[in-house]
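These numbers were taken from a predicted model, which means no experiment stands behind them. The analysis underlying the following values was restricted to heavy atoms, covering all of them including side chains, and did not include hydrogens, waters or symmetry mates. Numbers for residues simply follow the sequence, beginning at 1.
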Amino acid sequence: MNILLIGGGGREHAIAEGIKKSKHNPSLYALMAKKNPGIAALCEDFLLEKETEIEKVVEYAKARNIEMVFVGPEAPLAAGIADALWETGIPVVGPKKACAIIEFDKAWARNFMKKYGIEGCPAYEVFTEKEPAYAFIEKLGDVAVKPSGLTGGKGVKVMGDQLPDLEAAKTYTSELLEKGPVVIEERFIGEEFTLQALVDGKSLVFFPAVQDHKRAYEGDLGPNTGGMGSYTDAGEILPFMLPEDLEKAKKIMQDTVKALYEETATGYKGILYGQFILTVSGPKVVEFNARFGDPEAMNVIPLIETDFVEIMSAMVKGTLGKLPVSFSRKATVCKYAVPAGYPDNPEKDSEVFVEDIGKASIYYASVYEKEGKVYTTGSRAIAVVGCAETIDAAEKIAQNALENIRGKLFFRKDIGTAALIQKRIDHMKELRG
């Protein structure tokens, strides 16, 4: 089978690895904006092209007799790549535009949740003008401010250390309004977690819960990033969660898929990503994404025990409910090495040297290869993943790997450590009383 992967980041490297492990020996092709050396090494052939150039993508898929496509990033989904490929008879793992809107239009997503009574929706309003927005900020008193469109995971700011007071919230709102609509909503207090699911239009298969770390610096300080690293435990839930927290989050996602069909008359086929915050009154929805998270994909894809190509086929055919999908019960820790100065002033075009990374898996992200050498761009460069019986053991594997990658890079040492996880546990215990 000829399979095309769209995208060239760390998430897509993990997807490519999952596809290539299949017993069906698929021929893998890729379309990516820059040459990712990890993906390129797994491919029969690849095309360097902007991932939102729909005509070029379709042309390449036809030329390579592609039988199934996996779309990694959000931008091509928002551009309607799944629709264009399905129209040519090529099935796609990745939702059509009518459903992908749940990620690329946050105002639509909140209004949709409200319309269908989906649990976990905050008090919110959508604004296009300053004065009503300012009044709503004053009314709520403690807010999250987010642009309605795609921002690569970096656009949301919340009251606290990002927005120290109401005036700062108003200033940020004013900046965002120059570019488009702004969603202002109540700020939830709790611990964030991610729940990702395979979806075939009706059935959902859930991955273990993951916790991502958005802040650039240790101790959860500094500016937001696309994600500095993440971890899973050896089971479905994270150490600070209760089993009922997971069940509530699963029901929210099941209700969302059902309501999306009711709203759009289109079956959601792809990955649904729910970003939740666990509060004293249960999980609340921060946002939905229409694809795997990055780095969260790198935690969960290596845990899949079922043949990945068979999973993809069941998703596009709508037969996922008949396929027994299983995951290995191991813990994972993913850590990113990022360019010095990231995210505000990253070191670009700097060579990276990978030495002995031991038992860890490595995933190339925003790097490019030139004359056999690997260089940084301006974004997250290389992710490493440790997989073991415990979070502690997985963390040690990941940390050892990072210390054997050289270049003008930095990383967070604290992700997956006992001290940081205990901090999460204590926080939830305090909130729950």
Undergrad: Within the side chain of T266, is there an N or O that forms a donor-acceptor pair under 3.5 Å with the backbone of T264?
TA: yes
Undergrad: Which atoms form the tightest heavy-atom contact between T377 and S366, and what is the distance?
TA: OG1-O, 2.9 Å
Undergrad: Are side-chain heavy atoms of V199 and L320 found at a separation under 4.5 Å?
TA: no
Undergrad: Between F327 and I304, is there a side-chain heavy-atom distance shorter than 4.5 Å?
TA: yes
Undergrad: For the OH atom of Y368 and the CG atom of L48, what is their distance to the nearest 0.5 Å?
TA: 13.5 Å
Undergrad: State, with a plain yes or no, whether a side-chain heavy atom of V316 is found less than 4.5 Å away from one of V93.
TA: yes
Undergrad: Is it true that atom OH of Y261 has more than 12 heavy atoms of other residues, nucleotides or ligands lying nearer than 6.0 Å?
TA: no
Undergrad: Let's go through Q399 and K413 carefully: what are the C-alpha distance in whole Å and the side-chain angles of both, what is the deciding distance for side chain to side chain donor-acceptor pair (under 3.5 Å) to 0.1 Å, and is it a yes or a no?
TA: CA-CA 7 Å; Q399 188 58 36; K413 293 180 182 177; over 6 Å; no
Undergrad: Quick one: sort the Y60 and Y29 rings into parallel, tilted or perpendicular, breaks at 30° and 60°.
TA: perpendicular
Undergrad: Show your working on side chain to side chain contact (heavy atoms under 4.5 Å, CB included) between R110 and C121 and close with a plain yes or no.
TA: CA-CA 7 Å; R110 285 306 191 210; C121 190; 4.1 Å; yes
Undergrad: Tell me whether the count of non-hydrogen atoms from other residues, nucleotides or ligands lying under 6.0 Å of NZ in K34 goes above 12.
TA: no
Undergrad: What's the spacing between I237 CD1 and L195 CG if we round to 0.5 Å?
TA: 12.0 Å
Undergrad: Check for a donor-acceptor pair, side chain of D414 on one end and backbone N or O of E218 on the other, with a separation under 3.5 Å.
TA: no
Undergrad: Determine yes or no for a side-chain-to-main-chain donor-acceptor pair under 3.5 angstrom, with T128 supplying the side chain and P181 the backbone.
TA: no
Undergrad: For salt bridge (Lys or Arg N to Asp or Glu O under 4.0 Å), just list the numbers for K250 and E236, CA-CA rounded to whole Å, side-chain angles, deciding distance to a tenth of an Å, and then say yes or no.
TA: CA-CA 11 Å; K250 284 181 178 181; E236 281 194 296; 2.9 Å; yes
Undergrad: If we ignore hydrogens and angles and just use 3.5 Å, is the side chain of K214 paired with the main-chain N or O of G226 as donor and acceptor?
TA: yes
Undergrad: Taking all non-hydrogen atoms of both residues into account, name the closest pair between I54 and G80 and its distance.
TA: CD1-C, 3.9 Å
Undergrad: Give a yes or no on whether the backbone of K97 and the side-chain of D83 come within a donor-acceptor separation of less than 3.5 Å.
TA: yes
Undergrad: Taking all atoms of both residues into account, what is the closest heavy-atom pair of M298 and A14, and its distance?
TA: CG-CB, 3.8 Å
Undergrad: Any chance you could lay out the salt bridge (Lys or Arg N to Asp or Glu O under 4.0 Å) test for E167 and K170, step after step, and finish with the verdict?
TA: CA-CA 5 Å; E167 290 309 310; K170 291 175 184 177; 3.4 Å; yes
Undergrad: Look at the aromatic rings of Y231 and H213 and report parallel, tilted or perpendicular, splitting at 30° and 60°.
TA: tilted
Undergrad: Between L198 and I271, is a side chain to side chain contact (heavy atoms under 4.5 Å, CB included) present by the stated rule, with each step listed?
TA: CA-CA 5 Å; L198 307 160; I271 309 298; 3.6 Å; yes
Undergrad: If only atom types and distance count, is the side chain of N404 paired as donor or acceptor with the main-chain N or O of I357 below 3.5 Å?
TA: no
Undergrad: For a 4.5 angstrom cut-off between non-hydrogen side-chain atoms, does M68 reach S313?
TA: yes
Undergrad: Any idea which heavy atoms bring A314 and D200 closest together, and the distance?
TA: O-CB, 3.9 Å
Undergrad: Does the side chain to side chain contact (heavy atoms under 4.5 Å, CB included) test come out yes or no for R412 and D220, once each step is laid out?
TA: CA-CA 10 Å; R412 280 184 61 169; D220 299 318; 3.0 Å; yes
Undergrad: Side chains of E175 and K157, heavy atoms from C-beta outward: is any pair under 4.5 Å?
TA: no
Undergrad: For atom NZ of K373, decide whether the heavy atoms of other residues, nucleotides or ligands shown that lie under 6.0 angstrom number more than 12.
TA: no
Undergrad: Show your reasoning for whether side chain to side chain contact (heavy atoms under 4.5 Å, CB included) applies to E17 and I301.
TA: CA-CA 9 Å; E17 187 180 82; I301 291 174; over 6 Å; no
Undergrad: Find the distance between CD1 (I3) and CE (M312) and round it off to the nearest 0.5 Å.
TA: 4.5 Å
Undergrad: Please confirm whether the backbone N or O of K23 pairs with a side-chain atom of D307, one donor and one acceptor, at under 3.5 Å?
TA: yes
Undergrad: Is a side-chain N or O of E347 found less than 3.5 angstrom from the main chain of A340, in a donor-acceptor match?
TA: no
Undergrad: Give the minimum heavy-atom separation between A337 and F411, together with the two atoms involved.
TA: CA-CB, 4.3 Å
Undergrad: Take atom CD in E355; do more than 12 heavy atoms of anything else shown fall under 6.0 Å from it?
TA: yes
Undergrad: Show your working on salt bridge (Lys or Arg N to Asp or Glu O under 4.0 Å) between R187 and D142 and close with a plain yes or no.
TA: CA-CA 6 Å; R187 178 170 78 113; D142 193 7; 2.9 Å; yes
Undergrad: Please check if the side chain of N111 supplies one atom and the backbone of A107 the other of a donor-acceptor pair under 3.5 Å.
TA: yes
Undergrad: Do the non-hydrogen side-chain atoms of E125 and I184 ever get within less than 4.5 Å of each other?
TA: no
Undergrad: List the atom of L85, the atom of A61, and the distance in Å for their closest heavy-atom pair.
TA: CD2-CB, 4.0 Å
Undergrad: Does L409 reach the side chain of T376, with side-chain heavy atoms less than 4.5 Å apart?
TA: yes
Undergrad: Does K20, at its NZ atom, have more than 12 non-hydrogen atoms belonging to other residues, nucleotides or ligands within less than 6.0 Å?
TA: yes
Undergrad: Roughly how far, to the nearest 0.5 Å, is NZ of K330 from CG of D233?
TA: 14.0 Å
Undergrad: Could you check, using the six-membered ring where one of them is a Trp, whether F292 and F207 have ring centers closer than 6.0 angstrom?
TA: yes
Undergrad: Does the R380 side chain pair with the main chain of V338, one donor and one acceptor, at a distance under 3.5 Å?
TA: no
Undergrad: Pick out which of E296, E12, E74 makes a salt bridge (charged side-chain N to carboxylate O under 4.0 Å, His left out) with R291.
TA: E74
Undergrad: Run the numbers on N224 and Q162 for side chain to side chain donor-acceptor pair (under 3.5 Å), then give the verdict.
TA: CA-CA 9 Å; N224 267 358; Q162 289 176 312; 3.3 Å; yes
Undergrad: Measure the CG-CG distance between D294 and N299 for me, rounded to the nearest 0.5 Å.
TA: 10.0 Å
Undergrad: Taking the side chain as C-beta and beyond, is there a heavy-atom pair between V57 and E51 under 4.5 Å?
TA: no
Undergrad: Rounded to the nearest 0.5 Å, how far apart are CZ of F410 and OH of Y336?
TA: 13.5 Å
